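Below is one structure, written out as structure tokens; the observations come after it.
Values in this document were obtained by computation on a predicted structure and should not be read as measured data.
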Amino acid sequence: MPITVTIYLFPDVEVLDFAGPYEVFTTASRVFKRRNPGADEPFRAVTAAKTQAIVRARAGLSVVPDFSFQSCPATDLLIVPGGVVDNEVNDEQVIEWVRGSSREATITASVCTGAFILARAGLLRNRAATTHWEDIADLRAQFSDVQVRAGVRWVDEGDIVTSAGIAAGIDMSLHLVSRVAGADLAAATARQMDVPYSGA
């Protein structure tokens, strides 16, 4: 502890895709520390981008990344959000960073169209995965080696986890909290955030 959760940022990233997971992991740490005074927080959530310059997310929100690719610390849990990912899918520097970070991480996860970045990096080959309902057909067409699943909130393949669109990233992140730190903390985190939680 703490487990370093690194969330990738890029131009036109979907805001809730990265902010939802960030909120889940930081809230989980806050709830845990409230219950365990003096204990170390279970998660350390940070953001990373190609550079530390301001990133303009989808709809114009400006975000300052914590780290650049070069300065980013080792990650335990990598989260690749979605948004407008056309440039990222075709950016070899991004793909190499995701691929390399995934090798050092215990879990690599995507939200929404972030699955296209994972697929381009070869991380979804011969695995089941999901994405936003609107992009299911494109993921199937572009990456025939991915077993694309529709109608699910997330798909857990062990070291690779993918979620459906936008708000599904919150559900997936609560699932990851449960996997890593226990179902009780995940349920308490969901209650603190006032979001539905099935415990699945």
Side-chain angles (χ1 to χ4, degrees), residues 3 5-8 10 12-25 27-28 43 45 58 75-86 88-89 95 98-99 101-102 105-200:
I3 292 165
V5 180
T6 303
I7 303 173
Y8 171 50
F10 55 91
D12 283 324
V13 61
E14 188 74 48
V15 174
L16 194 58
D17 279 19
F18 75 83
Y22 188 91
E23 184 74 16
V24 169
F25 290 107
T27 299
F43 301 103
R58 203 166 192 180
T75 187
D76 302 300
L77 201 171
L78 174 66
I79 296 182
V80 179
V84 182
V85 298
D86 296 4
E88 278 56 51
V89 166
I95 297 306
V98 168
R99 191 180 288 131
S101 297
S102 181
T106 303
I107 300 170
T108 297
S110 67
V111 181
C112 195
T113 52
F116 286 78
I117 299 174
L118 297 195
R120 176 69 174 76
L123 302 177
L124 302 184
R125 189 171 295 121
N126 299 322
R127 291 177 180 259
T130 194
T131 188
H132 191 285
W133 61 266
E134 200 170 39
D135 300 287
I136 289 287
D138 284 343
L139 188 62
R140 283 181 175 142
Q142 293 178 35
F143 300 99
S144 60
D145 57 356
V146 179
Q147 300 161 25
V148 181
R149 293 185 182 170
V152 294
R153 298 297 279 171
W154 72 83
V155 174
D156 189 332
E157 286 275 286
D159 59 333
I160 300 290
V161 184
T162 55
S163 82
I166 311 177
I170 294 174
D171 299 344
M172 179 190 72
S173 297
L174 288 167
H175 168 69
L176 292 174
V177 169
S178 180
R179 261 189 61 179
V180 173
D184 183 59
L185 180 59
T189 300
R191 179 170 174 75
Q192 182 67 34
M193 293 178 61
D194 216 355
V195 299
Y197 177 66
S198 66

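In this structure, the side chains of F43 and S173 stay at 4.5 Å or more apart for every pair of heavy atoms. Looking at heavy atoms from C-beta onward, E88 lies out of side-chain contact with V98 at the 4.5 angstrom threshold. Contact check for D159 versus I107: no side-chain heavy atoms found under the 4.5 Å cut-off. By the 4.5 Å heavy-atom criterion applied to side chains, V148 and F143 are not counted as neighbours. Residues F25 and L176 form a side-chain contact, since some pair of their non-hydrogen atoms from C-beta on lies under 4.5 Å apart. Counting heavy atoms from C-beta outward, I136 and T130 have side chains that approach closer than 4.5 Å. Side-chain contact between I117 and I95 is present, with at least one heavy-atom pair separated by less than 4.5 Å. In this structure, the side chains of T6 and S101 stay at 4.5 Å or more apart for every pair of heavy atoms.
In this structure, the side chain of S178 does not engage the main chain of L174 through any donor-acceptor pair within 3.5 Å. R125 places no side-chain N or O within 3.5 Å of a backbone atom of D145 that could act as its donor or acceptor partner.
None of L124, T131, V111 except one satisfies the side-chain contact (heavy atoms from CB on, under 4.5 Å) rule with T162; the exception is L124. For the side-chain contact (heavy atoms from CB on, under 4.5 Å) with P21, the qualifying choice from I79, L16, V177 is I79, the only one to do so.
With rounding to the nearest 0.5 Å, the separation of OG in S163 from CG in D156 is 11.5 Å. To the nearest 0.5 angstrom, L139 atom CG is 13.0 Å from H132 atom NE2. Rounded to the nearest 0.5 angstrom, D135 CG and C112 SG are separated by 6.0 Å. Atom CD1 of I170 sits about 15.0 Å away from atom OH of Y22, to the nearest 0.5 Å. The line from CG of D86 to OG1 of T113 is 9.0 Å long, rounded to the nearest 0.5 Å. Distance check, rounded to the nearest 0.5 Å: CD of Q192 to CG of L185 gives 11.0 Å.
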Could you give me the CA-CA distance, side-chain angles and deciding distance for V80 and V85, then say whether side-chain contact (heavy atoms from CB on, under 4.5 Å) is met? CA-CA 11 Å; V80 179; V85 298; over 6 Å; no
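Residues V13 and P81 share a closest heavy-atom pair of CG2-CG, 3.6 Å. Minimum interatomic distance between Y197 and A186 (heavy atoms only, all atoms of both residues): OH-CB, 3.4 Å.
For the salt bridge (Lys or Arg N to Asp or Glu O under 4.0 Å) test, no residue two or more places apart in sequence or in another chain qualifies with R140. With sequence neighbours excluded, no residue forms a ring-ring contact (aromatic ring centres under 6.0 Å, His included) with F116. For A128, the side chain to side chain contact (heavy atoms under 4.5 Å, CB included) partners are Q147, R149, V155, E157, not counting sequence neighbours.
R58 has no carboxylate O lying under 4.0 Å from a charged side-chain N of D17, or vice versa, which leaves the two without a salt bridge.
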